[in-house]
Amino acid sequence: MKNFTRKIWSSVLSVVVFLLLGSTVSLAQTTISGTVTDANTKETLLGVNIQVKGKVTGTISDLSGKYSLKVNQEAPFTLVFSMVGFGTKEVEINRGMSTLSVELTETSVLGQDVVVSASRVEESILRSPVSVEKMNILAIRNVPQASFYDALNNLKGVEMSTQSLTFKSFNTRGFNANGNVRTVQLIDGMDNQAPGLNFSVGNIVGIPELDLESVELLPGAASALYGPNAINGILLMNSKSPFLYQGLSVNVRSGLMDQQDRTTAQTGFYDFSARFAKAFSNKVAFKVNFSYLKADDWQANDFRDQSLLNGFRISNGRRDTNPGYNGVNVYGDETNVNMFSTAQSMISAGALPAAVLPLIPQTSISRTGYRESDLADYGTKSLKFNAALHYRINDRVEAIIQGNYGFGTTVYTGADRYSIANFQLSQLKAELKGANWFLRAYTTQERSGDAFAVGIAAQGINEAWKPSTLWFPQYVGAFAQARAGGLSEVLAHDAARKFADQGRLIPGTPEFEAAKNNVVNLPIPGNASGVGAKFVDKTNLYHLEGSYQFKEIKWADFVIGANFRVFELNSDKTLFATDDNGKEFTNNEHGAYIQGAKSLFDDKLRLTASARYDKKERFKGQVSPRVSAVYTEGTHNFRASFQTGFRMPTTQDLFIDLVTPQARLIGGLPFFRDRYKFATNPAYTLATVTQFGGAVLSATQPSSPVYQASIQQATQLAITQATAIVTAQVQAGTLPAAQAPAAIAALVPTIVPTIAAQLVPVNAATANQALLVPFKAEEFKPEIVQSYELGYKGLFANKLLVDAYGYYNNFENFIGGQVLVQDRNYVATSPASTLGLNLLNSSTRSVYSLPVNRKEIIKSYGWAVGLDYRLPKNYTIGGNVSYNKLQDLEKLRASGFQPSFNTPEFRYVLNFANREIVKNIGFSMSYRWQDEFVWQSSFVNADVSTFQLSKMPAFGTFDAQVSLKMKSLKSNLKIGGNNMFSDGYRQAWGNPTVGSMYYVSLTFDEFLN
């Protein structure tokens, strides 16, 4: 891999040297200078972008509004003057011109944005061939949320999953997830995913807001141009060029976080960021950015019972009422056993007298757990540092060296809750770009720091203090003693737990902290010395790509591009499986695309077609085409598109091998089936085992024919055993023969329960063997979606902007989680194994979760409408509503499939704002509401997910801000609040409760950019 990396960077540097040697200064040179002013106020404008059209050459106006630009060519050429909040002006420079003063007019006309994400070329957002959302600098500056990333939630059709203050995942059009692998997030063209996890880590180590120029979002499939995994959408964040945005900028933001269920309800937060950029002689420029945030995080405090054991439900289960309690955000209590089965094992081992067996119920009991706040690091922090050096080799080529570094502590929800402490993500990029092409190479390197799995840590602390092999027998023994002493079952359970928990480690004590440190510093899954919870990931991504737009072809617009990337897995053999040589895997993929566009009928109809080919190691190649048409009539644009997208299985889908509190997560590749002996020890789907278990339980009830027949059989066997015992006593002379009949009659009732305890479950399982059908694995394939979309975007009287779309998706080879159950102690001659009884007990079964392809076509559809209206005196009002639906949900549920659509059917956003209600004072506010929906994931208890019980309540939240522009201080003061009138909300199962946040922000900008 080092050789590969060296080759990539050598190739890029060779191209740089070639361009440097081949670029000569033109003998013809034109210098243009002048002043840029506001057409209305006649004030000079500082920080205006002045660029030569079609080239990389450009500059900005200085603090006096003046500029000077040297161009290495003779006239004619065109200068483009642009500034946020003002209309763009193009001026042709003719021979002999040396001075040019320009006036720019402030504009607030809707629909004027230019986007590049929809087609990889610049085009009007109104005429985009697919739905696209954009936030420019003004929108970012005026959002009512505390950060631009929070404001993504206001965009049409976007939903978020908040896992901590700094870790949020965005999604569009269904199948939302914590750590969403169906969306892609790019920062200056670099994939922001954590390479070992294959999803973007929110903005914890992303782009500092002071350096953000724009955000573009494409909802839905975008694989045709952006490759694998952009199946639900892609987010492009573009930073500011140091040539065009110069000077010093500083932001200080602080405030109060309030949520009553936290350990400390009200805490402060602190956020500082700074940016400095400088250009030298229009040839060399650099920028540096630094930001740091510190806060006490939102806390996950859902203590409802998700065990569904002993007849309790989510609504009524509590630790003091349900012996098998398993709290959503309580950990270590996932470990449970059946009391009766434990008692039988104790009797067999001579640790419990057989006579007490009738006192032991068929009740599940779980270990006492710890709350998340006792374990996770809620001291969240986020440090971001990046720097870039830009060098204009000539008027047509710019070279960029850029480095991004992020460091942070947060909490993430996966199959477990993960305390991500001192996480690091670094990126290094070398790029060459012209006006119509680019070539870039970059690496993303992830270091998990002191991260650990919270649930595993709780289990490890419990096991370190007292192994479950000791704790459960102590509980059962104490329970039997309490029942024999006359206590009720409820009081006996209470006494048994108190006895088994004597000396339990208490959070905050030195003993607890010592045990915790031992567990969280030992890599998963641990070793002979104990359980390990440390999450280790040092995976690297290496990426090379290029794109070229053919300006030479006049009759149509063509773009081509290609990329190659390699994942180098490294988890110290803890997270990922190893090959036969004991080494972790590498995985590579490559792809190429071509796009053509043609305008017809006086530019009223624009047709676009593209196709992309991608190949991932271990899989067949995939072709993803896209065709679209946009018809324009004045300011009204009607569009239609068909495109395919695909999701290559992630590195986790392929290679993960990780034990979690819920299950062992394994990859979908064939070697895992061999490694865990599915051929000789069959595995069964959870749905199959649940159905089988229900049938067995029903057959063990006294009213069932199986139970009654078993009692008769047990009675006959008891008579035989009693007769043999009594006969031996008579023959030994210890019992008179005349008393034998009475002795047999008295002995039979004492033997029947023991025999029946063994016969009933065996006979019940035998009667229901037809329900146990082994799981049969099939070829693992990439997921494909065919997406159809109709849309309209139009502008009425320059006051009302309407944006609407409807879509329909067909997913083939849909990748979803499959839970399998296997006998942990399989013995071919044992009835418990051969009849499947070991599958019904958590202490004798292994649970696996792996990705598989669904055979059926998964269909989803939806629509969204956005309206923005500009009122008199600069007021704006608007909003959007979106609808997303998974088709045939009931049929999918009946098949045992958990699609994890995780999306509310309805959500809407309302906005009201005025950038300048009076001179230099503005405001904005928004209200967001979303419907109730069911959340499914590997974190959710399997039965809870299967029965669609993991419902996330509907909620609404109100955000607002007021800003004051202080021109004399070149500063902007912003005061705001988020979720101002709500007790709190959760966006996903097991995630924290998000409370209210009130903040004050002061931004200094030397150029007021």
Side-chain angles (χ1 to χ4, degrees), residues 337-363 365 469-470 472-487 489 492 496 696-769 825 827-838 840-841 843-844:
V337 300
N338 180 277
M339 289 184 68
F340 192 83
S341 298
T342 301
Q344 286 181 310
S345 299
M346 293 172 68
I347 291 171
S348 299
L352 195 69
V356 303
L357 192 61
L359 298 176
I360 309 299
Q362 291 278 0
T363 298
I365 56 175
T469 52
L470 177 60
F472 285 116
Q474 284 186 351
Y475 186 108
V476 173
F479 179 89
Q481 184 177 3
R483 290 288 284 134
L487 291 182
E489 279 198 16
V696 170
L697 180 62
S698 177
T700 60
Q701 302 305 307
S703 59
S704 78
V706 171
Y707 180 89
Q708 294 171 3
S710 299
I711 294 298
Q712 293 177 2
Q713 185 181 358
T715 302
Q716 293 301 316
L717 292 172
I719 292 172
T720 301
Q721 288 186 21
T723 300
I725 293 171
V726 171
T727 299
Q729 292 174 343
V730 171
Q731 291 175 349
T734 59
L735 181 71
Q739 297 179 13
I744 292 172
L747 189 57
V748 167
T750 65
I751 299 176
V752 168
T754 301
I755 298 176
Q758 298 174 346
L759 280 177
V760 170
V762 169
N763 291 340
T766 302
N768 292 284
Q769 281 300 289
N825 305 316
V827 179
T829 57
S830 167
S833 291
T834 57
L835 296 176
L837 288 171
N838 282 347
L840 306 179
N841 192 320
S843 63
T844 57

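Each residue takes its place number in the sequence, starting with 1.
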Notebook entry, point to check: How long is the span from the OG1 atom in Thr342 to the CD atom in Gln474, to the nearest 0.5 Å?
Noted result: 13.0 Å
Check: Side chain of Gln362, backbone of Phe340: donor and acceptor closer than 3.5 Å?
Finding: no
Notebook entry, point to check: Is atom CD of Gln481 surrounded by more than 12 heavy atoms (other residues, nucleotides or ligands) closer than 6.0 Å?
Noted result: no
Next item on the list: Indicate the atoms forming the closest heavy-atom contact of Ala722 with Val748, along with that distance.
Entry: CB-CG2, 3.8 Å
Notebook entry, point to check: Can you name the residues that form a side-chain contact (heavy atoms from CB on, under 4.5 Å) with Ser830, not counting sequence neighbours?
Noted result: Val827, Ala832, Ser833
Note to self: Looking at every non-hydrogen atom in both residues, tell me the closest pair between Ala343 and Leu352 and how far apart they are.
What the structure shows: CB-CD2, 4.0 Å
Item checked: Gap separating the CG atom of Asn825 from the CG atom of Asn838, nearest 0.5 angstrom -> 6.0 Å
Checklist line | Atom pair CD1 (Ile719) and CD1 (Ile744), whose distance is rounded to the nearest 0.5 Å | finding: 9.0 Å
Check: Shortest non-hydrogen contact from Leu357 to Ala757?
Finding: CD2-CB, 4.0 Å
Checklist line | Minimum heavy-atom distance Ala764-Ala699, with the two atoms named | finding: CB-CB, 3.6 Å
Note to self: Is it true that Ser710 and Asn763 share a donor-acceptor pair across their side chains at a distance under 3.5 Å?
What the structure shows: yes
Notebook entry, point to check: Can you tell me how far the OG atom of Ser341 sits from the CG atom of Leu840, to the nearest 0.5 Å?
Noted result: 9.0 Å
Checklist line | Residue pair Leu735 / Val726, side-chain heavy-atom distance below 4.5 Å | finding: yes
Notebook entry, point to check: Roughly how far, to the nearest 0.5 Å, is CG of Leu759 from CD of Gln712?
Noted result: 12.0 Å
Notebook entry, point to check: Is the shortest heavy-atom distance from the side chain of Thr844 to the side chain of Leu837 under 4.5 Å?
Noted result: no
Note to self: To the nearest 0.5 Å, what is the distance between CD on Gln739 and CD on Gln729?
What the structure shows: 10.5 Å
Next item on the list: Quick one: closest heavy-atom pair of Ile365 and Tyr475, and the distance?
Entry: CD1-CD2, 3.4 Å
Next item on the list: For the pair Leu835 and Val762, evaluate side chain to side chain contact (heavy atoms under 4.5 Å, CB included) and give the outcome as yes or no after the intermediate values.
Entry: CA-CA 7 Å; Leu835 296 176; Val762 169; 3.5 Å; yes
Next item on the list: Check whether any side-chain heavy atom of Phe479 lies under 4.5 Å from a side-chain heavy atom of Leu359, and answer yes or no.
Entry: no
Notebook entry, point to check: Which heavy atom of Ala767 sits nearest a heavy atom of Val706, and at what distance?
Noted result: CB-CG2, 4.1 Å
